[in-house]
**Student:** 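One structure, pasted below without further comment.
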Amino acid sequence: MLDIKRIRENPDWVRQGLVARGAATEAVDNLRRVDETRRELLTDVESLKSQRNAASKQIGDLKKKGQDTGAAQAAVREVGDRIAALDERVRAVEGELDQILLMIPNVPHASVPVGHSDAENPIVAQHGTPREFAFQPKGHVELGEHLGLMDFKRAARMSGAGFALFIGAGARLQRALIQFMLDVHVRDHGYTEVWPPALVNSAAMTGTGQLPKMAEDMYRLAADELYLIPTAEVPVTNFYREDIIERPLPIYLTAYTPCFRREAGAAGKDTRGLIRLHQFDKVEMVKFAAPETSYDELEKLRADAEDILQRLGLVYRVKSLCTGDLSFAAAKCYDLELWAPGQQAWLEVSSCSNFEDFQARRAGIRYRDENGKTRFVHTLNGSGVALPRLVVAILENGQQADGSVVLPPAIVPYMNGVERLTVSV
RNA sequence: GGAGGGGUGGCAGAGCGGCCGAAUGCGGCGGUCUUGAAAACCGUUGACCCGCAAGGGUCCGUGGGUUCGAAUCCCACCCCCUCCGCCA
């Protein structure tokens, strides 16, 4: 959510941001009109309340002296009726204001490249070069099923399309990667590990920006009005919801959680294998930073995610999302993409975003600056990283001519010493 | 799920329907004292909104209601604690 004061003072800032995203701008004018109405109503109703407070006090004094207050009470009751009517209008107008404000996306940072779609996201870095194969590299589905690591048919039978079922070393590999990534972030990158709920209420979802706009993409438990988290970003960012953080910033948190996505808009896309699932696992990093340092923190966050990929010896590139491809709540975002030779494609395994105070304002997350003044923090998060596509890259990059897979040395200790996945394992 | 108790400022903890944004203690901050520190003493210390300002308004779990006036009374819901039941 944007700051209404800032919109009031500098509407063009928002308008330009919306234009850069390719979004409509009339909301800005609606907002200013409604804001104006709200302030007029507030001035009126608050002066009436001031009157009432004074009059009620007088009535109290008169009663103490034993005087009759019938006429005075009737007069104040009439004021009270007017207040009630105005209050109702204020509530309605504030509801309208919130409605508009909650639907306006964040304004892109000045450093974000301008563009219309993902086709215009510049590649800002690449690490490693794709491996040359002496044979035709296979896809992860063929490799994984051949090695007995996963079974999509059985998964579909019990859950439908878009679910994974890992077996044996395949299941162990999930656990190994989760453990490995959490260890690196906690031990070497300074994060505190948290283990949050996977079900959250609508307030939490609104706080991070999934609601109201992305309601269709989430699994909702109607009987309890709870949602399955689409990412650990939601519960971990909401760690400090409605709080004034009294600890020094920045704060780094990391969490492993399952993630659930309906993929409502992606029906029929990437239906085979691990590329796009309704349920997947992810290690997430979340930061709470002072506004002055949040863009430095974004670079460090990206480096923390890259470190995971580097330690696993994988080939990846980094894109800076252009204004037209930026997600709703983000002010700036880097995507990390792994090379998957079986797919002959780059797979997104991490988005590292700075939301500035957009989420903090929605979720009520504040801190005190050096003068003791409360201010909204800047929130950031990035995958560190998403599991299924990481597994795709590990299998497809590590495959040998005989169909076995050599694992990255960094996870061998987590695999109980297994260096290579073969049919017999 | 059932019965009972409770939700007040950073924490602990008072609070008669008007004098309560709220006693008191702790903590925090500033000061006196001290070579320095501690102790002691003095002062200070919530958030949000409207307003150029003066000032005004709102907030005592949440939402409604009663009243001229609600932290205080009524209703619903949420959360916490104790006991019982059930259960991984």
Side-chain angles (χ1 to χ4, degrees), chain A residues 1-10 31-102 195-207 211 221-227 235 238-249 251 258 288 357-377:
Chain A
M1 181 154 64
L2 300 175
D3 183 0
I4 183 69
K5 280 186 211 147
R6 200 161 166 195
I7 299 173
R8 204 183 285 153
E9 286 158 15
N10 192 1
L31 203 60
R32 296 183 77 209
R33 205 190 56 241
V34 175
D35 177 48
E36 191 60 36
T37 308
R38 168 178 176 268
R39 287 187 295 154
E40 282 167 13
L41 286 172
L42 273 182
T43 311
D44 292 349
V45 75
E46 285 181 3
S47 83
L48 284 177
K49 282 180 178 174
S50 179
Q51 276 179 40
R52 179 179 65 182
N53 288 347
S56 289
K57 201 172 224 171
Q58 275 187 359
I59 289 170
D61 293 342
L62 290 175
K63 279 209 159 162
K64 247 177 221 153
K65 294 181 198 151
Q67 299 185 19
D68 175 63
T69 57
Q73 286 187 29
V76 179
R77 185 183 301 139
E78 199 266 330
V79 174
D81 291 343
R82 286 166 64 196
I83 289 172
L86 276 175
D87 264 344
E88 201 167 318
R89 285 189 62 197
V90 169
R91 240 197 321 273
V93 167
E94 287 187 337
E96 202 180 333
L97 196 70
D98 275 351
Q99 210 61 36
I100 300 170
L101 226 38
L102 284 174
W195 201 101
L199 259 48
V200 300
N201 58 31
S202 60
M205 283 293 192
T206 306
L211 288 179
L221 306 179
D224 301 287
E225 194 45 36
L226 290 170
Y227 296 80
N238 277 285
F239 189 103
Y240 286 112
R241 79 168 289 108
E242 304 299 334
D243 248 3
I244 298 172
I245 299 175
E246 305 284 359
R247 303 174 40 192
L249 299 177
I251 294 169
F288 303 86
D357 63 5
F358 190 86
Q359 293 181 326
R361 198 175 291 284
R362 289 172 161 241
I365 306 171
R366 291 171 294 167
Y367 74 107
R368 290 184 203 281
D369 66 16
E370 55 282 2
N371 302 315
K373 236 179 88 84
T374 59
R375 294 170 71 191
F376 289 106
V377 299

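Throughout, a chain's letter reflects where its sequence line sits, starting with A, and its residues are numbered from 1. Just so you know, these numbers come straight off a predicted model, no measurement behind them. Values reported hereafter were calculated over all heavy atoms of this structure, with side chains retained and with hydrogens, waters and symmetry mates removed.
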**Student:** With RNA chain B as reference, determine whether A:Ala72 or A:Arg91 sits nearer its 5' end, using the nearest nucleotide of each.
**Tutor:** A:Arg91
**Student:** Let's see if you can work this out: which of B:C48, B:C50, B:U58 has an atom nearest to the side-chain heavy atoms of A:Lys5?
**Tutor:** B:C50
**Student:** Write down the distance separating the P atoms in B:U24 and B:A14, rounded off to the nearest Å.
**Tutor:** 15 Å
**Student:** When the C1' atoms of B:A88 and B:G7 are compared, how many Å lie between them, rounded to an integer?
**Tutor:** 30 Å
**Student:** Identify whether any heavy atom of A:Arg375 sits under 4.0 Å from a base atom; if not, whether one sits that close to sugar-phosphate; answer base, sugar-phosphate or nothing.
**Tutor:** nothing
**Student:** In whole angstroms, how far is the P atom of B:C68 from the CG atom of A:Asp81?
**Tutor:** 10 Å
**Student:** I need the A:Ile7 CD1 to A:Asn10 CG distance, nearest 0.5 Å.
**Tutor:** 10.0 Å
**Student:** Figure out the CD/C1' separation between A:Glu242 and B:G10, and round it to whole Å.
**Tutor:** 17 Å
**Student:** Could you check which nucleotide pairs with B:A3 in any of the strands shown, counting Watson-Crick or G-U wobble with both distances under 3.5 Å?
**Tutor:** B:U82
**Student:** Is A:Arg362 reaching over with its side chain to a backbone N or O of A:Thr206, donor-acceptor style, under 3.5 angstrom?
**Tutor:** yes
**Student:** Checking salt bridge (Lys or Arg N to Asp or Glu O under 4.0 Å) for the pair A:Lys373/A:Asp369: CA distance, chi angles, key distance, verdict?
**Tutor:** CA-CA 5 Å; A:Lys373 236 179 88 84; A:Asp369 66 16; over 6 Å; no
**Student:** Just call it for A:Ser47: base, sugar-phosphate, or nothing, with non-hydrogen atoms closer than 4.0 Å on any strand.
**Tutor:** nothing
**Student:** To the side chain of A:Leu42, which of B:C48, B:G57, B:C50 is closest?
**Tutor:** B:C50
**Student:** Can you check whether A:Phe376's main-chain N or O pairs, donor with acceptor, with A:Asp357's side chain at less than 3.5 Å?
**Tutor:** no
**Student:** Between C1' on B:C48 and CD1 on A:Ile365, what's the gap in Å once rounded to a whole number?
**Tutor:** 17 Å
**Student:** For A:Thr43 and for A:Gly372, locate the closest nucleotide of RNA chain B by heavy-atom distance; then report the residue assigned to the nucleotide nearer the 5' terminus.
**Tutor:** A:Gly372
**Student:** Look through every strand shown and name the nucleotide pairing with B:A37 as Watson-Crick or G-U wobble, where both distances are under 3.5 Å.
**Tutor:** none
**Student:** Starting the side chain at C-beta, find the nucleotide from B:G57, B:C68, B:C49 nearest to A:Ile59.
**Tutor:** B:C68
**Student:** Apply side-chain contact (heavy atoms from CB on, under 4.5 Å) to residues A:Val200 and A:Leu226 and explain how you reach the verdict.
**Tutor:** CA-CA 5 Å; A:Val200 300; A:Leu226 290 170; 5.8 Å; no
**Student:** Side chain of A:Arg38: nearest nucleotide among B:A47, B:C50, B:G69?
**Tutor:** B:C50
**Student:** Return the value, rounded to whole Å, for the distance between atom CD of A:Glu225 and atom P of B:G63.
**Tutor:** 18 Å
**Student:** Any side-chain to backbone donor/acceptor pair from A:Arg52 onto A:Ile83? Under 3.5 Å, distance only.
**Tutor:** no
**Student:** How far does the C1' atom of B:G9 sit from the matching atom of B:G46, given to the nearest Å?
**Tutor:** 6 Å
**Student:** Expressed in whole Å, how much space separates the C1' atoms belonging to B:U58 and B:G69?
**Tutor:** 16 Å
**Student:** Can you list, by residue number, the residues of residues 196-204 of chain A that have a non-hydrogen atom closer than 4.0 angstrom to RNA chain B?
**Tutor:** none
**Student:** Rounding to a whole Å, what distance do you find between A:Arg52:CZ and B:U67:C1'?
**Tutor:** 10 Å
**Student:** Can you tell me how far C1' in B:C16 sits from the matching atom in B:A22, rounded to whole Å?
**Tutor:** 14 Å
**Student:** For B:C48, which nucleotide in any strand shown is its Watson-Crick or wobble partner with both distances under 3.5 Å?
**Tutor:** B:G57
**Student:** Once you round it to whole Å, what is the distance between C1' of B:G46 and NZ of A:Lys373?
**Tutor:** 15 Å
**Student:** Looking only at the side chain of A:Thr374 (C-beta and beyond, no hydrogens), which of the listed nucleotides B:C68, B:A47, B:G51 gets closest?
**Tutor:** B:A47
**Student:** Nearest to the A:Asn53 side chain among B:C48, B:U58, B:C50, which nucleotide is it?
**Tutor:** B:U58
**Student:** The side chain of A:Glu46 lies closest to which of these nucleotides: B:G56, B:A47, B:U58?
**Tutor:** B:G56
**Student:** If every non-hydrogen atom of A:Arg32 is compared with every non-hydrogen atom of A:Arg8, which pair is closest and at what distance?
**Tutor:** NH2-O, 4.0 Å
**Student:** Counting side-chain heavy atoms from C-beta on, which of B:U58, B:G51, B:C49 comes nearest to A:Arg39?
**Tutor:** B:G51
**Student:** Pairing check on B:G30: which nucleotide meets the Watson-Crick or G-U wobble criteria with it, both distances under 3.5 Å?
**Tutor:** B:C42
**Student:** Does a side-chain heavy-atom distance below 4.5 Å link A:Thr374 with A:Tyr367?
**Tutor:** no
**Student:** At under 4.0 Å between heavy atoms, what does A:Asp61 touch on the DNA or RNA strands: base, sugar-phosphate, or nothing?
**Tutor:** nothing
**Student:** For B:G27 and B:C75, measure between their C1' atoms and round to the nearest Å.
**Tutor:** 39 Å
**Student:** Return the CZ to CG distance between A:Arg39 and A:Asp44, rounded to the nearest 0.5 Å.
**Tutor:** 13.0 Å
**Student:** Figure out the CZ/C1' separation between A:Arg241 and B:U62, and round it to whole Å.
**Tutor:** 14 Å
**Student:** With a 4.0 Å cutoff (strictly under), does any side-chain N or O of A:Arg368 reach OP1 or OP2 of B:C29?
**Tutor:** no
**Student:** Would you say A:Tyr240 and A:Val377 make side-chain contact, with heavy atoms under 4.5 Å?
**Tutor:** no
**Student:** Determine the interatomic distance between C1' on B:C26 and the same-named atom on B:C78; round to the nearest Å.
**Tutor:** 30 Å
**Student:** How far, in whole Å, is B:A47 from B:U8 if one measures between their C1' atoms?
**Tutor:** 15 Å
**Student:** Over how many whole Å does the gap from A:Asp44 atom CG to B:U58 atom P extend?
**Tutor:** 15 Å
